[in-house]
Amino acid sequence: MASLSRLVLNDCKLGTYDAMFRPSSSFPARKLQTFLDVRDGFPVAKNVRCCAIRIKPWSPMVALSSSTPSLIVQTSRNSQVLCKASKIGDFPSGAPSGMSLYERVIETMTTLFPLWVILGTIIGLYKPAAVTWLETDLFTLALGLLMLSMGLTLTFKDLRRCLRNPWTVGVGFLAQYFIKPMLGFVIALTLKLSAPLATGLILVSCCPGGQASNVATYISKGNVALSVLMTTCSTIGAIVMTPLLTKLLAGQLVPVDAAGLVISTFQVVLVPTIFGVLANEYFPKFTSKIVTVTPLIGVILTTLLCASPIGQVSDVLKAQGAQLILPVAILHVAAFALGYWISKISFGESTSRTISIECGMQSSALGFLLAQKHFTNPLVAVPSAVSVVCMALGGSGLAVFWRNNPIPVDDKDDFKE
């Protein structure tokens with residue numbers, strides 16, 4: 001019960017005078033009868049503000065005061081908190097009034113994600129030397145730090161919970177390797193792109209999910225654990241799917257280094273994520289102090305990772321990039337939209353947001369590297385470079401939009417026991 005009290009005070013930022021507990025062996029029922037009634041199966045305070053916390057179906061419940069519509073909050077330990085947030089003036093003067101100045105600054109800088117991407121793109125185009133230093137080993141290190149920052153927000157319970165419904169990962173995989181490649185193929189034919197540009201567009205549409213999607217999912221209040229699992233599965237699947245689909249749709253086999261891709265997946269995705277989860281599990285006090293800034297770290301790293309490929313082909317982009325803005329933008333917008341609306345048929349809002357972002361944000365950097373390595377025509381790499389910008393702008397804009405649109409309180413739980 002004491003741990004529940006701390007949860008209430010830390011996560012809901014309420015004073016001790018706002019708490020009342022459900023009847024249990026340690027708290028006599030008769031003391032609550034005059035204060036609580038029962039609505040939808042659990043106690044609700046009469047004429048006061050209310051909040052309820054349930055760890056398991058048989059565990060005690062905490063009731064807190066409130067007077068406005070309910071809000072579900074997911075705590076760091078997967079406890080479900082049903083809060084009814086009150087108006088600012090309803091709290092006693094001694095209660096915390098919300099985020100600190102530091103937290104508000106971090107929140108503001110995070111929600112300016114699209115602006116940072118635009119600035120990174122401009123720097124990459126006109127001052128490429130400022131970002132082209134981020135190559136090879138440093139690029140891999142930055143990706144690893146990006147996934148570490150996401151791992152710090154997760155627990156092993158989050159990952160196990162997502163594995164209860166593997167169909168969600170399967171739908172994301174199908175969206176990544178069916179919807180996106182077909183969109184790339186149809187757009188290339190419809191707009192009658194030249195052979196190298198069409199090949200480059202199809203190539204990038206056949207690439208796996210990118211690590212930037214995990215940051216966008218976190219910002220959009222989607223399911224980060226599911227996003228990480230989907231990124232891992234699609235990256236490993238790229239060993240077969242990327243060369244196969246490129247051969248079928250573009251008429252040219254693009255060999256993929258299977259061993260190198262598997263090793264990179266472990267180095268860049270799995271190991272940093274698991275390390276972050278372990279830190280969150282065994283050093284919660286430490287991670288709780290830095291988890292506030294992890295979204296901003298992810299935003300900064302994503303901006304750098306987008307600007308670097310732009311800087312490497314800045315001259316080609318200035319000459320040929322304009323004609324690719326429309327087809328690449330259509331590719332990403334359609335992928336975001338189809339990924340979301342198809343998911344909404346079977347899944348809740350949180351899962352649908354996650355699949356939409358995963359479908360719309362692929363590893364353009366991988367497409368860029370494959371194009372440079374396996375094609376002599378430099379124009380084949382241009383769609384991937386343009387895709388880096390469109391992907392980051394679309395994903396960051398969508399993430400910020402969803403961040404300001406809370407998950408519905410009655411959202412479907414796709415991973416319940």
Side-chain angles (χ1 to χ4, degrees), residues 117 121 171-210 212-213 234 237-238 241-254 256 306 309-310 313 316-345 352 355-372 374-398:
V117 173
T121 301
V171 169
F173 191 90
L174 290 174
Q176 193 72 53
Y177 288 119
F178 179 74
I179 294 177
K180 198 71 173 286
M182 290 306 300
L183 283 173
F185 179 72
V186 171
I187 292 170
L189 286 182
T190 303
L191 298 181
K192 298 179 181 180
L193 298 179
S194 63
L197 295 180
T199 301
L201 184 67
I202 292 172
L203 172 62
V204 75
S205 69
C206 295
C207 287
S213 63
S234 67
M241 300 304 293
T242 297
L244 175 63
L245 290 170
T246 306
K247 175 65 175 177
L248 291 175
L249 300 177
Q252 186 165 345
L253 181 65
V254 180
V256 175
C306 291
I310 295 295
V313 292
V316 179
L317 277 176
K318 291 175 185 177
Q320 302 288 337
Q323 62 179 310
L324 278 171
I325 293 177
L326 179 61
V328 174
I330 293 174
L331 173 67
H332 288 287
V333 170
F336 282 125
L338 288 174
Y340 179 78
W341 290 112
I342 291 175
S343 301
K344 285 292 286 184
I345 296 173
S352 297
I355 294 177
S356 171
I357 290 174
E358 194 70 21
C359 183
M361 299 183 73
Q362 79 291 323
S363 182
S364 302
L366 176 62
F368 182 77
L369 293 174
L370 290 175
Q372 284 190 320
H374 300 293
F375 294 90
T376 56
N377 193 326
L379 292 179
V380 178
V382 175
S384 293
V386 176
S387 175
V388 169
V389 179
C390 292
M391 172 200 70
L393 276 177
S396 61
L398 195 57

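Atoms considered below: every heavy atom in the structure, side chains included; atoms not considered: hydrogens, waters and symmetry mates. The shown structure was predicted, so the numbers you read here are calculated from the model rather than taken from an experiment.
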K.L.:
How far apart are the closest heavy atoms of A371 and A381, and which atoms are they?
P.N.:
CB-CA, 3.6 Å
K.L.:
Donor-acceptor pairs are to be reported for all side-chain atoms of residues 355-362 against protein atoms at under 3.5 Å, with residues two or more places apart or in another chain.
P.N.:
from : atom 1 : to   : atom 2 : distance (Å)
S356 : OG     : F336 : O      : 2.7
E358 : OE1    : S213 : OG     : 2.9
E358 : OE1    : S227 : OG     : 3.3
E358 : OE1    : T231 : OG1    : 3.4
E358 : OE2    : T231 : N      : 3.4
E358 : OE2    : T231 : OG1    : 2.8
Q362 : OE1    : K180 : NZ     : 2.2
Q362 : NE2    : S364 : OG     : 2.8
Q362 : NE2    : S387 : OG     : 2.8

K.L.:
Can you name the residues that form a salt bridge (charged side-chain N to carboxylate O under 4.0 Å, His left out) with K318, not counting sequence neighbours?
P.N.:
none
K.L.:
Show every donor-acceptor pair shorter than 3.5 Å between a side-chain atom in residues 181-192 and any protein atom, with sequence neighbours excluded, or say none if there are none.
P.N.:
from : atom 1 : to   : atom 2 : distance (Å)
T190 : OG1    : V186 : O      : 2.7

K.L.:
Taking only residues two or more places apart in sequence or in another chain, which ones pass side-chain contact (heavy atoms from CB on, under 4.5 Å) with V117?
P.N.:
F113, T121, T303, A392, L393, S396
K.L.:
Please determine whether side chain to side chain contact (heavy atoms under 4.5 Å, CB included) holds for the pair L193 and L324, giving the CA-CA distance in whole Å, both sets of side-chain angles, and the decisive distance to 0.1 Å.
P.N.:
CA-CA 9 Å; L193 298 179; L324 278 171; 4.3 Å; yes
K.L.:
Identify the two heavy atoms, one from Q176 and one from S234, that lie closest to each other, and give their separation to 0.1 Å.
P.N.:
CG-CB, 4.2 Å
K.L.:
Could you state the interatomic distance from NE2 (H332) to CG (L398), rounded to the nearest 0.5 Å?
P.N.:
13.0 Å
K.L.:
Report yes if the side chains of V328 and V204 come closer than 4.5 Å at any heavy-atom pair, otherwise no.
P.N.:
no
K.L.:
Is I342 close to I179 at the side-chain level, that is, under 4.5 Å between some pair of heavy atoms?
P.N.:
yes
K.L.:
Distance from M391 atom CE to S363 atom OG, nearest 0.5 Å?
P.N.:
8.0 Å
K.L.:
As a quick check of understanding, evaluate side chain to side chain contact (heavy atoms under 4.5 Å, CB included) for V382 and L317, giving each step before the final call.
P.N.:
CA-CA 7 Å; V382 175; L317 277 176; 3.8 Å; yes
K.L.:
Just do the side chain to side chain contact (heavy atoms under 4.5 Å, CB included) check on T199 and N377 with the steps written out, would you?
P.N.:
CA-CA 11 Å; T199 301; N377 193 326; over 6 Å; no
K.L.:
With the side chain counted from C-beta on, respond yes when S352 and W341 share a heavy-atom pair under 4.5 Å apart, and no when they do not.
P.N.:
no
K.L.:
Under the salt bridge (charged side-chain N to carboxylate O under 4.0 Å, His left out) definition, can you give me all pairs with a residue in residues 328-344, not counting sequence neighbours?
P.N.:
K344-E349
K.L.:
What is the distance from atom SG of C207 to atom CD1 of I202, rounded to the nearest 0.5 Å?
P.N.:
12.0 Å
K.L.:
When you compare the side chain of F375 with that of L203, does any pair of heavy atoms fall below 4.5 Å?
P.N.:
yes
